[in-house]
Amino acid sequence: GVNVLLSREETYADISPVKLDSNGVSSFVSIMRGCNNMCSFCVVPFTRGRERSRDPLSIIRESKELFQLGYREITLLGQNVDSYYWTPSENETKGWGQPVTFANLLEQVALIDPLLRVRFSTSHPKDITDDVLHVMSRHENICKYIHLPVQSGSNRVLQLMNRSYTREWYMAKVDRIRQLLPGCGITSDIIAGFCSETEDEHQETLQLMEYCRYDFGYMYFYSERPGTLAARRYADDVPEETKKRRLTEIVALQRRMSGESNRADVGRIVKILIEGDSKKSDGHWMGRSSENKVVVFPKNGITKKGDYAEVKIYGSTGGTLLGEFI
Ligand code: SF4
């Protein structure tokens, strides 16, 4: 759709890739542009400007149209979705009497149809609210999955990055998510070897990862981007081989934790939205759980793309869960 084209133009700052290829089942809707944060490694504040939230009625209209076209999953996109905020002042005639927060918007999109799954990306740890977590817990069709980029586990490095939270704040946020949404999938972005990062600070990142037990992570070593605050203020002084070795340790830890997370799913029955044929065989479906795990399972001759399936997990291979119809 039109919106997919709009979304393609965005350059997302948090480093996880957003897959915008349409499979006819999952789609993306931009809800805001720009970002008011000033993370020192990020170009977005300079290239995308101040935050502008989109009219909620047009977001809901577009989401309904996508549902009517057969899409069964919508991801609400923004650099920092939790700071979505729309005030009705210029648009009072359109029927929204009061400001609309991200929690309000998320709930309205979830109410379009129980068969429509709703996801969102990206959340900033300092901005995600209990209201959002409560809305998620009230609606089965809002996926229990939060991408919550931490970037570093060291308070000094977080401050240099200008992330405006501490490791303690972040860990308390993860505790809160697990308390209100037991079993919720949580993933992160992590940068190894940011300017002046010490060995101890790197260890703090590894410890924080263990604490958070991420299901998956997008991990990179720091590379300076021209025009950013970090490029102007800080020397990119961690030697490349040190950055790479730290990244290797981070990746190894995440691989172990992802494996543990997948093994913990064995024996569970999960509801999968079928996205299409599995890459390896057209005798198998590929889909995702609410927690955003990819699951492959043999077709049963009745289901089709865009249907939901109850699948029992019996194992995993690489990052993929293996299941079968129950
Ligand atoms: S929150 Fe930080 S990393 Fe994300 S877009 Fe804004 S400035 Fe960039």
Side-chain angles (χ1 to χ4, degrees), residues 16-28 70-75 114-121 136-137 139-148 174 177-178 181-190 209-210 212-219 248 250-326:
S16 52
V18 175
K19 185 174 74 75
L20 295 175
D21 307 337
S22 185
N23 53 17
V25 175
S26 37
S27 190
F28 301 87
Y71 289 92
R72 289 295 172 264
E73 181 181 275
I74 281 175
T75 302
L115 287 177
L116 180 67
R117 272 190 173 176
V118 188
R119 299 184 184 276
F120 55 88
S121 194
M136 288 176 76
S137 104
H139 296 275
E140 189 269 342
N141 59 328
I142 303 179
C143 291
K144 303 303 177 278
Y145 169 70
I146 299 178
H147 182 58
L148 198 69
V174 168
I177 293 168
R178 298 215 188 278
L181 301 167
C184 185
I186 303 180
T187 60
S188 192
D189 294 343
I190 294 164
M209 290 173 68
E210 292 248 25
C212 297
R213 287 176 286 118
Y214 295 124
D215 298 289
F216 193 78
Y218 301 91
M219 301 154 287
T248 304
I250 287 169
V251 168
L253 172 58
Q254 185 54 54
R255 190 165 296 155
R256 171 165 72 70
M257 293 193 304
S258 297
E260 285 165 8
S261 165
N262 284 346
R263 277 191 294 282
D265 284 332
V266 172
R268 284 198 183 136
I269 292 163
V270 289
K271 186 173 163 186
I272 306 301
L273 173 59
I274 299 174
E275 292 182 16
D277 290 346
S278 109
K279 263 182 238 147
K280 291 200 182 124
S281 126
D282 60 12
H284 288 69
W285 289 125
M286 184 284 274
R288 264 166 231 272
S289 67
S290 176
E291 295 77 18
N292 208 33
K293 296 257 182 99
V294 173
V295 183
V296 166
F297 51 101
K299 295 182 179 177
N300 67 353
I302 307 165
T303 46
K304 57 186 190 313
K305 205 167 121 167
D307 285 351
Y308 290 95
E310 299 274 334
V311 169
K312 183 165 182 177
I313 305 302
Y314 67 84
S316 65
T317 162
T320 304
L321 293 176
L322 306 172
E324 56 203 359
F325 276 101
I326 51 166

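Only heavy atoms go into these numbers, but all of them, side chains included; no hydrogens, no water, no symmetry mates. The structure displayed is predicted, hence computed values, not measured ones.
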- [ ] Report the distance from atom CD of Glu291 to atom CG of Leu321, rounding to the nearest 0.5 Å.
- [x] 10.0 Å
TODO: Kindly indicate whether the side chain of His147, heavy atoms from C-beta on, has any atom under 4.5 Å from the side chain of Asn292.
DONE: no
Below 3.5 Å, can you tabulate the donor-acceptor pairs from side chains in residues 294-314 to any protein atom, sequence neighbours excluded?
unit_1	atom_1	unit_2	atom_2	d
Lys299	NZ	Asp277	OD1	2.6
Lys299	NZ	Asp282	O	2.7
Asn300	OD1	Ile302	N	3.0
Asn300	OD1	Thr303	N	3.2
Asn300	OD1	Thr303	OG1	3.1
Thr303	OG1	Trp285	NE1	3.0
Lys304	NZ	Asp307	OD1	3.3
Lys305	NZ	Asn23	O	2.8
Asp307	OD2	Lys304	N	2.9
Tyr308	OH	Leu115	O	2.7

- [ ] Could you walk me through whether Val118 and Cys143 pass the side-chain contact (heavy atoms from CB on, under 4.5 Å) test, one step at a time?
- [x] CA-CA 6 Å; Val118 188; Cys143 291; over 6 Å; no
- [ ] Heavy atoms only: give me the nearest Ser281-Ser278 pair and the separation to one decimal.
- [x] N-OG, 3.2 Å
Open item on the list: Contact between Glu275 and Arg288 at the side-chain level, heavy atoms closer than 4.5 Å - yes or no?
Closed with: yes
Task: Contact summary for Leu181 and Ser137, nearest pair of heavy atoms - done: CD2-CB, 3.4 Å
- [ ] Identify, with sequence neighbours excluded, every residue that meets salt bridge (charged side-chain N to carboxylate O under 4.0 Å, His left out) alongside Arg72.
- [x] none
- [ ] Keeping to residues at least two apart or across chains, list the salt bridge (charged side-chain N to carboxylate O under 4.0 Å, His left out) pairs with something in residues 316-326.
- [x] none
Open item on the list: Using modelled atom types and a 3.5 Å cut-off, is there a donor and acceptor pairing between side-chain atoms of Arg117 and backbone atoms of Thr75?
Closed with: no
TODO: Any chance you could measure Ile74, atom CD1, to Leu116, atom CG, to the nearest 0.5 Å?
DONE: 4.5 Å
Open item on the list: Using a 3.5 Å distance criterion without hydrogens, assess whether the side chain of Ser26 forms a donor-acceptor pair with backbone atoms of Glu73.
Closed with: no
Open item on the list: Suppose we screen for ring-ring contact (aromatic ring centres under 6.0 Å, His included). Which residues come up paired with Tyr214, at least two apart in sequence or across chains?
Closed with: none
Open item on the list: Assess the residue pair Ile186 and Arg178 against the criterion (side-chain contact (heavy atoms from CB on, under 4.5 Å)); give the C-alpha distance rounded to whole Å, side-chain angles, the decisive distance to 0.1 Å, and a yes or no.
Closed with: CA-CA 9 Å; Ile186 303 180; Arg178 298 215 188 278; 3.8 Å; yes
TODO: With sequence neighbours left out, write down each residue that passes ring-ring contact (aromatic ring centres under 6.0 Å, His included) with Tyr145, or none if nothing qualifies.
DONE: none
Open item on the list: Quick check for you: to the nearest 0.5 Å, what is the distance between Thr248 atom OG1 and Leu253 atom CG?
Closed with: 12.5 Å
Please list every donor-acceptor pair under 3.5 Å in which a side-chain atom of residues 257-268 meets a protein atom from a residue at least two apart or in another chain.
unit_1	atom_1	unit_2	atom_2	d
Ser258	OG	Asp215	O	3.0
Ser258	OG	Gln254	O	3.0
Ser258	OG	Gln254	NE2	3.0
Glu260	OE2	Arg256	NH1	3.0
Ser261	OG	Asp215	OD1	2.6
Ser261	OG	Lys293	NZ	2.8
Asn262	OD1	Lys293	NZ	3.2
Asp265	OD1	Arg268	NH1	2.8
Asp265	OD2	Lys293	NZ	2.5

- [ ] Rounded to the nearest 0.5 Å, what's the gap from CE on Met136 to CD1 on Ile146? Could you check?
- [x] 4.0 Å
Task: Separation between CD1 of Ile269 and CD1 of Ile326, rounded to the nearest 0.5 Å - done: 4.0 Å
